[in-house]
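Here is the structure we will look at.
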Amino acid sequence: MLVSKSKSKTCVGIRKKVVIFVMIITLTISNLVMSQVDHRTAAKKRYMKEKVRKMFYHAYNNYMAHAFPHDELKPITKTYTDSLSELGNLKLEHLPQNYKGSALTLVESLSSLVIIGNNTEFERAVLWLSENLSFDVDARINLFECNIRLLGGLVSAHILATDSTNRLAPEVYKNQLLILAEDLGQRFLHAFDTPTGLPYAWINLKYGVMEDETTETSTSGCGSLILEMGALSRLTGDSRYEAAALRALRKLWSMRSPLNLVGTTLDVVTGEWLEYSSGIGAGVDSFYEYLMKAHILFGGEEFWEMFHPAYLAVQKYFRHGPWYHDADMRTGRATYWQLTSLQAFWPGLQVLLGDVAAANSSHREFFSVWEKFGVLPERYLLDRGMMHPTEKYYPLRPELAESTFYLYQATKDPWYLEVGESMVNSLNRYTKVEGGFASIKDVATMTPEDHQHSFFLAETCKYLYLLYDDSFLVDQNYVFTTEGHPLPVKSAWQERLPEAYTATNWTSIMGINYETRRISAMSLQVCPSIALMSEGSAGHQVESVCHIPDLRTTHRCMTDDDCGIDSTSCRKRTCSMAGYCGLWLLVL
Ligand SMILES: *[C@@H]1O[C@H](CO)[C@@H](O)[C@H](O)[C@H]1NC(C)=O
Ligand SMILES: *[C@@H]1O[C@H](CO)[C@@H](O)[C@H](O)[C@H]1NC(C)=O
Ligand SMILES: *[C@@H]1O[C@H](CO)[C@@H](O)[C@H](O)[C@H]1NC(C)=O
Ligand SMILES: *[C@@H]1O[C@H](CO)[C@@H](O)[C@H](O)[C@H]1NC(C)=O
């Protein structure tokens with residue numbers, strides 16, 4: 001890896017067992033509950049962790065027995081589906097003739113195997129993929145889906161294989177997953193060859209963009225590539241991946257309305273919007289998520305400058321109490337009053353921001369809909385308080401479990417452990433079959449469907465497991481991609497600003513001398529201890545040049561003046577309504 005270990009450690013060592021910005025809230029609330037962390041909670045966690053582990057293995061072992069190396073498991077008939085070309089392909093067009101699968105579910109399971117602590121199986125899987133996985137296949141795939149599932153799965157697993165735990169021995173692991181990821185990334189680049197730089201939604205892995213390919217794509221389709229492609233660039237030293245993703249993201253942001261809203265679908269050749277109505281659900285969701293997470297992972301101020309106004313616009317135009325409806329990007333007028341199950345990721349994102357109160361209230365409402373039906377239906381009509389007449393399915397989606405995990409990390413309120421327990425019980429009761437876990441076709445009747453999506457292993461099981469056992473997060477901060485694949489937050493990645501290095505020759509950056517290099521304003525803000533300390537100097541670590549502690553160690557406050565400046569973001573903390581210092585945003 002390109003990163004100097006000793007340098008990144010100075011930064012990482014300061015922050016423990018927390019997920020990025022959550023730490024500010026964690027500190028404030030944890031001392032309230034510290035005295036209450038009783039034996040019952042610990043026992044409940046152990047019991048539930050075992051239950052989730054069993055779920056993971058039931059899904060994984062059945063996939064391996066009946067479907068591997070094909071893409072996904074059909075748990076009822078105990079067979080397989082080579083579904084890579086079907087992802088995002090609602091009309092099932094241009095399906096390949098001679099495609100035999102890419103072990104999609106195995107790639108998606110890699111980081112979960114590590115989190116669950118099964119290194120032997122992780123190694124076995126990595127070796128199999130090294131020798132047998134090839135992307136030189138005649139299959140038309142969705143760029144977004146392939147990016148978050150395959151590229152994200154490979155890049156994350158590569159980092160986990162080579163991190164300081166020495167999970168895989170160097171004589172066994174010689175960057176095979178990174179080589180596969182790079183091969184895939186090169187195939188992706190064809191999609192970006194458009195007049196706008198916005199990528200086509202579909203490419204053929206072997207032949208590139210097909211003739212007469214549709215020029216329609218979605219906001220999330222071209223706005224959520226930066227984490228995976230950025231990580232790939234930083235790992236390989238080839239800046240093309242990150243540069244392509246960044247160019248698309250900038251173009252997309254330039255297409256926002258004067259209200260700072262974006263639409264849902266657009267044309268990659270003309271750069272015009274096709275669907276002006278949008279929200280925080282399908283087709284847009286991870287665009288917001290990636291702006292915020294890219295800011296955390298890469299530190300660029302540019303991402304924050306896009307995210308901040310975008311977030312405020314969402315809260316202003318889409319939010320109605322705890323709910324989020326859709327609205328027209330041009331006028332801000334409400335269009336659809338619907339809860340969609342993908343929206344349930346939003347409270348988790350709000351936790352990363354420090355907006356815990358808003359996260360808590362939405363999460364509670366979403367969970368009440370889960371409880372009403374037993375699982376979360378795909379669409380729910382807010383104005384009528386009923387399920388959408390046709391979109392009644394529940395394909396084992398993870399988003400509510402994900403938000404529950406983030407909220408528990410931030411608050412340590414044991415109530416979230418009960419929410420997780422209720423979800424685990426529902427999944428076992430309604431979706432478990434002998435051959436795995438089956439999606440639900442109709443939530444009203446709990447009719448099963450013969451499909452176990454790969455994200456059930458990549459996300460649903462992972463977030464439920466992390467809710468009860470977060471030992472994976474000790475000593476390292478991670479950003480989880482929208483598919484649940486962890487990428488570590490390293491100070492070295494934050495200093496290498498995309499701006500600086502997309503324009504430069506990477507090789508010369510790799511060789512830079514920290515002392516003589518020009519330090520940008522941003523790198524002074526993020527983990528500046530690296531710039532301040534000389535190699536090997538012992539003694540106290542300077543946490544941050546901008547860090548000013550809160551007035552009270554309990555982080556309680558009466559006014560904003562009682563709060564200091566956050567050490568990782570160099571932003572002024574403010575006093576929340578509940579009387580705690582944090583990185584709260586002003587929500588209008
Ligand atoms: C790891 O997974 C494999 C495959 O499911 C299983 O046979 C093995 O017992 C697991 N190891 C541990 C330590 O759980
Ligand atoms: C690659 O696949 C073949 C056929 O399934 C298998 O025999 C071989 O062991 C695999 N390679 C590795 C390293 O697992
Ligand atoms: C979440 O909401 C519930 C119900 O309104 C409240 O009791 C609880 O204190 C809230 N927790 C946080 C962290 O805001
Ligand atoms: C990048 O820099 C290195 C070292 O300075 C040099 O050897 C290499 O030729 C440069 N590559 C390009 C493409 O300019």
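Counting starts at 1 for both ligands and their atoms, following the listed order. When a residue number appears, it is its place in the shown sequence, counting from 1. Bear in mind the structure is a predicted one, so any value in this text is a computation, not a measurement. The figures that follow rest on heavy atoms only: side chains count, while hydrogens, waters and symmetry mates do not.
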Min N/O separation Arg364 to ligand 3 under 3.5 Å: yes
Partners meeting side-chain hydrogen bond (donor to acceptor under 3.5 Å, both in side chains) with Tyr288 (sequence neighbours left out): none
Cation over ring face, Lys54 and Phe56, 6.0 Å, 45°: no
Validation row: Phe472, Pro486 side chains within 4.5 angstrom (heavy atoms): yes
Numbered atoms of ligand 1 (with element) below 4.0 Å of Asn118, judged on heavy atoms: 1 (C), 2 (O), 3 (C), 8 (C), 10 (C), 11 (N), 12 (C), 14 (O)
Arg319 charged N/C atom sitting above Trp346 aromatic ring, 6.0 Å / 45°: no
Donor-acceptor contact below 3.5 Å, side chain Gln452 vs main chain Ala59: yes
N/O contact list for ligand 2, threshold under 3.5 Å:
from, atom 1, to, atom 2, distance (Å)
ligand 2, 2 (O), Trp128, NE1, 3.2
ligand 2, 2 (O), Asn132, OD1, 2.9
ligand 2, 2 (O), Asn132, ND2, 2.3
ligand 2, 11 (N), Glu131, OE2, 3.1
ligand 2, 11 (N), Asn132, ND2, 3.0

Exam field: side chain Ser403 to backbone Ala344, donor-acceptor pair closer than 3.5 Å: yes
SG-SG under 2.5 Å, Cys563 vs Cys557: no
Residue Asn61 vicinity, atoms of ligand 1 by number, heavy atom under 4.0 Å: 4 (C), 5 (O)
Atom indices of ligand 3, in the order listed, that fall short of 4.0 Å to a heavy atom of Thr411: 13 (C)
Test item: Ser85 side-chain N/O and Arg140 main-chain N/O as donor-acceptor pair under 3.5 Å: yes
